Amino acid sequence: MTMPASPRPLTQRAAWKALAAHHGEVRGLHLRTLFAEDPDRGERLTLTAGDLFLDYSKHRLTDRTLQLLLRLAEESELGARIQAMFRGDRINATEGRSVLHVALRAPKGSTLRVDGEDVVPEVQTVLEKMATFSKQVRSGQWKGHTGKPIRNVVNLGIGGSDLGPVMAFEALKHYSDRHLDFRFVSNLDGSDFLEATRDLDPAETLFIVASKTFSTLETMTNAQTARDWLIRGLGGEALAVARHFVAVSTNSEKVSSFGIDPANMFGFWDWVGGRYSMGSAIGLSTMLAIGPDHFRSLLGGFHRMDEHFRTAPFAKNMPVLMGLLAIWNTNFLGAETLAVLPYEQYLKRFPAYLQQLTMESNGKRVTLEGQPVDYQTGPVYWGEPGTNGQHSFYQLIHQGTRLIPCDFIAFDHPLVPLGRHHDLLLANVFAQAKALAFGKTAEEVRTEGTPEPLVPHRVFEGNRPSSVLMAGRLTPEVLGQLIALYEHSVFTQGAIWNIDSFDQWGVELGKALAQAIVPELESDPDPRLDHDSSTNHLIRRYRRSKRGL
Ligand code: G6Q
């Protein structure tokens, strides 16, 4: 296992100690005061990177805070870690793997090496194969077993092989070919498959089995069910599989033993982590939906942010800054979660996508050296599109007892203008961020003539931090930049916490236990159960109920 040399333990770094002391000095400061004392704050504490604009002025920090956070990044050797990633070092130490999703979006002709071998040409070859296939399907040239063109595409995948494709499909629907219908099946629960396929004609349906390992229980179970469904629907023709199934995987042996022609397999590599894979062949459904040119623009957007992250000085580096804001809010202000609030309905699956990216990456409790951390790591990311959330959970953000930093995401232009909708939408973004920061004092509430007993209920304390992230409009290129921004912010946080942001051992235990329990649920004679009393009882109860007892 290769382990990069680590800097001094986090809480012993000079900048960390200075931040802890500094927090004691500024904890009482209210955003009202910070803004009153610095009239230019709202213009000054902003940053542009590529097509993205970030207003971070409504965070509870001073220039000194920023200075110390930037020093913390230096002391954490963030620069060296960024270089190590781009150099193809095996920075995923516990799995001994390089972490090179940036190679997926590197332009033709550039070079990124893994073990001395330039991986960019293979990436480009797969992209070209995807493009050829996409054009055939989109034009109707690719025919199903009975000679009909494909009308429906069903992606079978889970986790990193599902969340990126679903999110990107929803986000870029505006650019998609509306003649094709896209469905995404991930859950082991059979109702997911049944609902997704109930109105589809097998003769017009293409399944993409998206699985890096081609051994994931959920995806393989769904793929088997899909195979049966297809063969049943096409009159028992096993040959039909060849025209209706393609695979995205790193495992060609398993793909061919499933019955998929390796010619219809789109490969990727073990240096692409599942949750970082939507720019690889895992994005095949995205390319089928929006076409190869838009897919290239999406990759171009990713690359633009990759380059910004790699080259911009930390003080002007948007992902670094966002990562540092998360560190400040999590480790010093004590925030436990972060709400992602896109004011763009097409981004409705973006918070779910980010949950995996952020929480699977930074939900770790030991350092790279295996020592328990003595500080908090990854916050809980969650969210829903605005304005919907305003009519539900925003109450707690405004007046609850917890501190919940928010990322508002909005666009200057709607994809399709419709009356006054966009001005009304944007007014709400600005108003929410303002209300969270400045609130409403008791005096202000009284001035409005509020009866005294109601005054405490109508006071908004304010001082709730938020970022406002904006771009011109939601294009494939902008989406690429937005995702890469969060990816690299996650990297920044992980580097400072000195954890492995690229493994996910935490998902293993439950999987292994489930494998052991399956035969206990399926066996005919009552099995001997050696679990704890709760698990034993749950299994017995389920077995009884299943038999109608
Ligand atoms: C992501 C995780 C995980 C993975 C799924 C699907 O980083 O590794 O979510 O993507 O378990 O794995 P397969 O693609 O191998 O089916």
Side-chain angles (χ1 to χ4, degrees), residues 49-55 155 160 162-176 182 184 186 275-276 278-279 283 285-286 289-290 294-295 297-302 304-305 318-319 322 337-359 380-394 397 404-418 421-430 432-433 466-490:
D51 294 318
L52 305 185
F53 167 81
L54 172 69
D55 174 354
N155 190 78
D162 167 69
L163 287 159
V166 183
M167 181 275 289
F169 171 70
E170 291 295 342
L172 301 175
K173 206 180 245 174
H174 175 74
Y175 304 88
S176 71
F182 286 82
F184 297 84
S186 53
R275 55 193 172 275
Y276 295 90
M278 59 170 284
S285 58
T286 316
I290 63 175
H294 283 315
F295 194 80
S297 305
L298 173 72
L299 296 181
F302 271 108
R304 200 163 165 193
M305 187 54 74
M318 198 181 277
M322 263 181 63
T337 81
L338 191 153
V340 180
L341 309 167
Y343 278 64
E344 169 58 80
Q345 187 63 17
Y346 285 119
L347 288 182
K348 66 180 181 193
R349 296 288 292 170
F350 192 61
Y353 173 78
L354 281 188
Q355 284 192 318
Q356 181 189 26
L357 176 67
T358 58
M359 290 158 70
V380 175
Y381 278 71
W382 60 286
E384 281 287 324
T387 55
N388 297 16
Q390 291 176 206
H391 298 265
S392 71
F393 57 80
Y394 278 37
I397 308 181
I404 302 183
C406 300
D407 283 358
F408 292 98
I409 302 174
F411 298 89
D412 298 335
H413 307 284
L415 290 176
V416 184
L418 185 62
H421 282 257
H422 203 65
D423 283 343
L424 300 179
L425 182 71
L426 271 279
N428 275 277
V429 181
F430 303 147
Q432 289 297 326
S466 69
S467 294
V468 178
L469 199 50
M470 298 198 67
R473 53 165 55 81
L474 180 57
T475 61
E477 203 191 341
V478 163
L479 182 68
Q481 294 172 59
L482 194 59
I483 300 164
L485 169 65
Y486 278 94
E487 285 178 350
H488 299 320
S489 160
V490 163

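Starting from 1, each residue takes its place in the sequence as its number. Note that the coordinates shown come from a computational prediction; the quantities given were computed from them, not determined experimentally.
For residues 474-486, the pairs satisfying salt bridge (charged side-chain N to carboxylate O under 4.0 Å, His left out) are R304-E477, with sequence neighbours left out.
For Y353, the side chain to side chain donor-acceptor pair (under 3.5 Å) test picks out no residue, with sequence neighbours left out. Taking the side chain to side chain donor-acceptor pair (under 3.5 Å) definition, one finds that Y394 meets it with Y343, sequence neighbours left out. With sequence neighbours left out, N155 forms a side-chain contact (heavy atoms from CB on, under 4.5 Å) with P165, F184, I208, A210, S285. Remark: H422 engages no residue in a ring pair (Phe, Tyr, Trp, His ring centres under 6.0 Å) (not counting sequence neighbours). In this structure, the side-chain contact (heavy atoms from CB on, under 4.5 Å) partners of F430, at least two apart in sequence or on a different chain, are L426, M470. Judged as a ring pair (Phe, Tyr, Trp, His ring centres under 6.0 Å), and not counting sequence neighbours, Y346 has no contacts. For T337, the side chain to side chain donor-acceptor pair (under 3.5 Å) partners are W382, not counting sequence neighbours. Residues passing the side chain to side chain donor-acceptor pair (under 3.5 Å) test with Q356, sequence neighbours excluded: E360. For F295, the ring pair (Phe, Tyr, Trp, His ring centres under 6.0 Å) criterion is met by no residue, not counting sequence neighbours. Scanning for ring pair (Phe, Tyr, Trp, His ring centres under 6.0 Å) contacts around Y276 gives H101, F502, with sequence neighbours left out.
Counting all heavy atoms, side chain and backbone alike, L163 lies closest to A352 at CD2-O, 4.3 Å.
Between L341 atom CG and Q432 atom CD the span is 8.5 Å, to the nearest 0.5 Å. The distance from the CG atom of L354 to the CD1 atom of I483 is 8.5 Å, given to the nearest 0.5 Å.
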Without placing hydrogens or testing angles, list every side-chain donor-acceptor pair under 3.5 Å for residues 404-413, not counting sequence neighbours.
| from | atom 1 | to | atom 2 | distance (Å) |
| --- | --- | --- | --- | --- |
| D407 | OD2 | Y486 | OH | 2.8 |

